[in-house]
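Data block below; observations after.
These numbers were taken from a predicted model, which means no experiment stands behind them. All heavy atoms count here, side chains included; hydrogens, waters and symmetry mates do not.
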Amino acid sequence: MKIKAINGVKDTLPAEIIYWQNIENTARDIFHRFGIHEIRLPILEKTQLFTRSIGEATDIVEKEMYTFVDKKITMRPEITASLLRAYVEHGLHVQQPVQRLFSIGPVFRHERPQKGRQRQFHQVDVEIIGAQEPEIDAELMAMGQMLLSQLNLDVSLEINSLGCPECRPDFRKKLISYLQENHDTLCEDCKRRTEQNPLRALDCKQPGCKVAVKNAPSILDNLCSACEEHFAVVQKQLDLLGVAYTLNRFMVRGLDYYNRTTFEFLTTDLGAQAAVAAGGRYDGLVEQLGGPKNTPGIGFAMGMERMVLLMQQQEGQQEKQGQGGADIFIAALGKQAIEFAVPFVHQLRQLGLQAAMDYSNRSLKAQMKQSGRLNAGFTLIVGEQELEQGRGVLRNMKNQEQTEFSLQAGADELVSVITS
RNA sequence: GUGAGCGUAGCUCAGUUGGUGGUAGCACCGGGUUGUGGCCUCGGAGGUCGUGGGUUCAAGUCCCAUCGUUCACCCCA
């Protein structure tokens, strides 16, 4: 019986690796410009880290984590918590009051896979810790926008504010009583949510709930003055930076730790999965994880699989980037020729060329075919005759011109011939 | 966890109301060219028709179960 990959994970084959490298290279380039430094983190963490940060009652913690129960260890379902753990553990705030960090890697959630959703997927995660100014919020979103548009991804930005411990409780009460008044028009889930997680009813997709919620009190009308001021500046800064956005007072985040600014970069091209990147502010989280008091923070995560899907899809007619081919292929005919070619290919590689050969002593036709398949620039044909005469046939695969090449001249001479 | 669709070669897929030997294209290998790739041409290899049971004289085709997978719900990157 063949062993296959488990449900919800995917192999990334060489043919599509170009997309991943493109994302990573572009991200690193842009993060560099914004002074955001890389941090590498473990995939395994104590289960407690996530139950404490993401929230006991969230779906992620309740039913989606891969946990080794006996060891109380969990495969991370997101990166933010790990990154903040490292920030606190190493006292990074002492070195630099505002830390700008990013990390790229896999995360794990036990959900049913579907388009744009896997059980192991990959995130580009960015966090700015230690700054509470609204300019930071806008800068981060502007950077996200820059990165996504550099990758030619067509997305829209939606923003909202979730208030803070000052103002959210009051809003929550208002919302609960509104939902209770409209109890009959809500779906079963939202009836249940009314008490437990009323905010979640705001982004319910059921038509009935959408209508019911339309006239619900708006969080944006119920912010305390500090939050209102903060959010106003965020918007003003986005305008200054030329970042287009729309307000979405129904946007709610699935993780408990968010407060104030939240945002999502959305697409309509990924089936049911709209969010390509999402994040927000989490001003109480660092302290909650045992870090210094009153340490604000904000960050976002981008879903790499979703970006790749979009790139492949939106690429459309554009021609595929040709994988760089080999510089040269040595077609060796006969045992002696192979003995000559083996060290010769090795020397070419030492000199920096991508050189290839075939050890199986196949027909010249087969080897030429192989050379063509490798998209080689040149093929050096070495058979018995050539060995005797000390002159190989060097074929330019692009224009089909053939010249003689003295085998005694050595690898460096060949390099200079084919690179000239 | 729930629902629907789909499982025929490495990939994309034909396969008619169940009725003789399992299609084709791409890719792979070889010949046509004593030693020259892409195009053409001829040939070759490659399959437990996901698996197990059932109905039938006869099942890739119908039924059931099971596994896998896709999409959607829930929720999320």
Side-chain angles (χ1 to χ4, degrees), chain A residues 1-8 10 13 15 54 57-64 77-80 104-126 144 148 155 187-190 192-193 197 200 203-206 251-255 263-267 270-279 299-310 325-326 329 331-334 337 358 360-386 392-398 400-402:
Chain A
M1 190 155 113
K2 254 193 261 181
I3 296 179
K4 301 204 300 180
I6 61 176
N7 195 11
K10 245 185 98 183
L13 302 177
I54 296 172
T58 59
D59 279 12
I60 292 178
V61 169
E62 261 182 4
K63 50 189 192 190
E64 293 173 5
E78 61 137 15
I79 298 181
T80 304
I104 299 177
V107 296
F108 305 83
R109 291 183 200 171
H110 191 99
E111 301 178 274
R112 269 304 246 290
Q114 62 190 71
K115 187 178 174 71
R117 167 185 296 175
Q118 295 168 203
R119 288 182 172 173
Q120 174 178 344
F121 60 105
H122 299 77
Q123 291 187 333
V124 175
D125 189 78
V126 185
L148 291 165
V155 295
C187 70
E188 289 309 310
D189 282 331
C190 285
R192 182 170 45 77
R193 284 171 182 144
N197 197 349
R200 188 60 62 68
D203 72 344
C204 182
K205 285 172 198 154
Q206 298 295 323
M251 192 175 82
V252 174
R253 314 270 41 243
L255 289 67
F263 56 94
E264 294 183 346
F265 289 97
L266 304 171
T267 176
L270 281 183
Q273 269 55 246
V276 175
F300 70 81
M302 317 215 284
M304 296 179 79
E305 279 75 5
R306 291 182 183 180
M307 288 193 273
V308 169
L309 278 174
L310 276 184
F329 182 89
L333 307 167
D358 185 322
S360 63
N361 196 17
R362 296 200 291 169
S363 70
L364 180 58
K365 181 176 178 171
Q367 296 200 44
M368 290 303 294
K369 202 172 174 186
Q370 171 72 352
S371 179
R373 194 157 37 207
L374 293 173
N375 198 17
F378 291 84
T379 300
L380 180 65
I381 300 168
V382 184
E384 283 173 26
Q385 282 176 34
E386 285 79 6
V393 175
L394 182 64
R395 178 179 176 88
N396 182 322
M397 298 296 278
K398 301 287 171 330
Q400 303 168 46
E401 278 172 19
Q402 298 196 164

Across all chains, not counting sequence neighbours, the side chain to side chain donor-acceptor pair (under 3.5 Å) partners of A/Gln385 are none
If the condition is side chain to side chain donor-acceptor pair (under 3.5 Å), which residues does A/Arg200 pass it with, not counting sequence neighbours?
none
Taking [M] as the reference, what is the distance to [N] when you measure between their [atom1] atoms (whole Å, please)?
N: B/U16; M: B/U23; atom1: C1'; value: 13 Å
N: B/U61; M: B/G1; atom1: C1'; value: 34 Å
N: B/G7; M: B/U66; atom1: C1'; value: 13 Å
N: B/C63; M: B/U69; atom1: P; value: 24 Å
N: B/G21; M: B/U17; atom1: C1'; value: 22 Å
N: B/G37; M: B/G32; atom1: P; value: 11 Å
N: B/C13; M: B/U34; atom1: C1'; value: 42 Å
N: B/C62; M: B/U55; atom1: C1'; value: 8 Å

When A/Ser371 and A/Glu111 are each assigned the nearest nucleotide of RNA chain B, the 5'-most assignment goes to A/Ser371
Which is more 5' along RNA chain B, the nucleotide nearest A/Met397 or the one nearest A/Arg362? Just name the residue.
A/Arg362
Does [X] make a side-chain N or O approach to OP1 or OP2 of [N] shorter than 4.0 Å?
X: A/Gln367; N: B/G35; value: no
X: A/Arg200; N: B/C76; value: yes
X: A/Asn7; N: B/G68; value: no
X: A/Gln114; N: B/A72; value: yes

Give one of base, sugar-phosphate or nothing for [X], where a contact means two heavy atoms less than 4.0 Å apart.
X: A/Gln402; answer: base
X: A/Ala331; answer: nothing
X: A/Arg373; answer: sugar-phosphate
X: A/Gly279; answer: nothing

Contacts of A/Glu264 meeting salt bridge (charged side-chain N to carboxylate O under 4.0 Å, His left out) (sequence neighbours excluded), chain-then-number -> A/Arg253
Could you list the residues that satisfy salt bridge (charged side-chain N to carboxylate O under 4.0 Å, His left out) with A/Arg373, not counting sequence neighbours?
none
Among the candidates B/C76, B/A72, B/G35, find the nucleotide nearest to the side-chain atoms of A/Arg117.
B/C76
What is the separation between atom CG on A/Asp59 and atom P on B/C73, rounded to the nearest whole Å?
14 Å
Taken to the nearest whole Å, NZ/A/Lys63 to C1'/B/C76 is 11 Å
Any donor-acceptor N/O pair, A/Glu384 side chain to A/Leu333 backbone, under 3.5 Å
no
Any donor-acceptor pair under 3.5 Å between the side chain of [X] and the base of [N]?
X: A/Glu386; N: B/G35; answer: yes
X: A/Lys365; N: B/G32; answer: yes
X: A/Arg395; N: B/G37; answer: yes
X: A/Arg306; N: B/C76; answer: yes
X: A/Gln400; N: B/G38; answer: yes

Flag the pair A/Ile6 / A/Gln120 as yes when at least one side-chain heavy-atom distance between them is below 4.5 Å, and no otherwise.
no
Beyond-backbone contact of A/Arg109 with A/Phe121, side-chain heavy atoms, under 4.5 angstrom:
yes
Qualifying salt bridge (charged side-chain N to carboxylate O under 4.0 Å, His left out) pairs, either residue in residues 110-120 of chain A, two or more places apart
A/Glu111-A/Arg117
Would you write the dot-bracket representation of RNA chain B, where each base gets (, ), [, ], | or . depending on whether it forms a Watson-Crick or G-U pair under 3.5 Å and with which partner?
(((((((..(((......[....))).(((((.......))))).....(((((..]....))))))))))))....
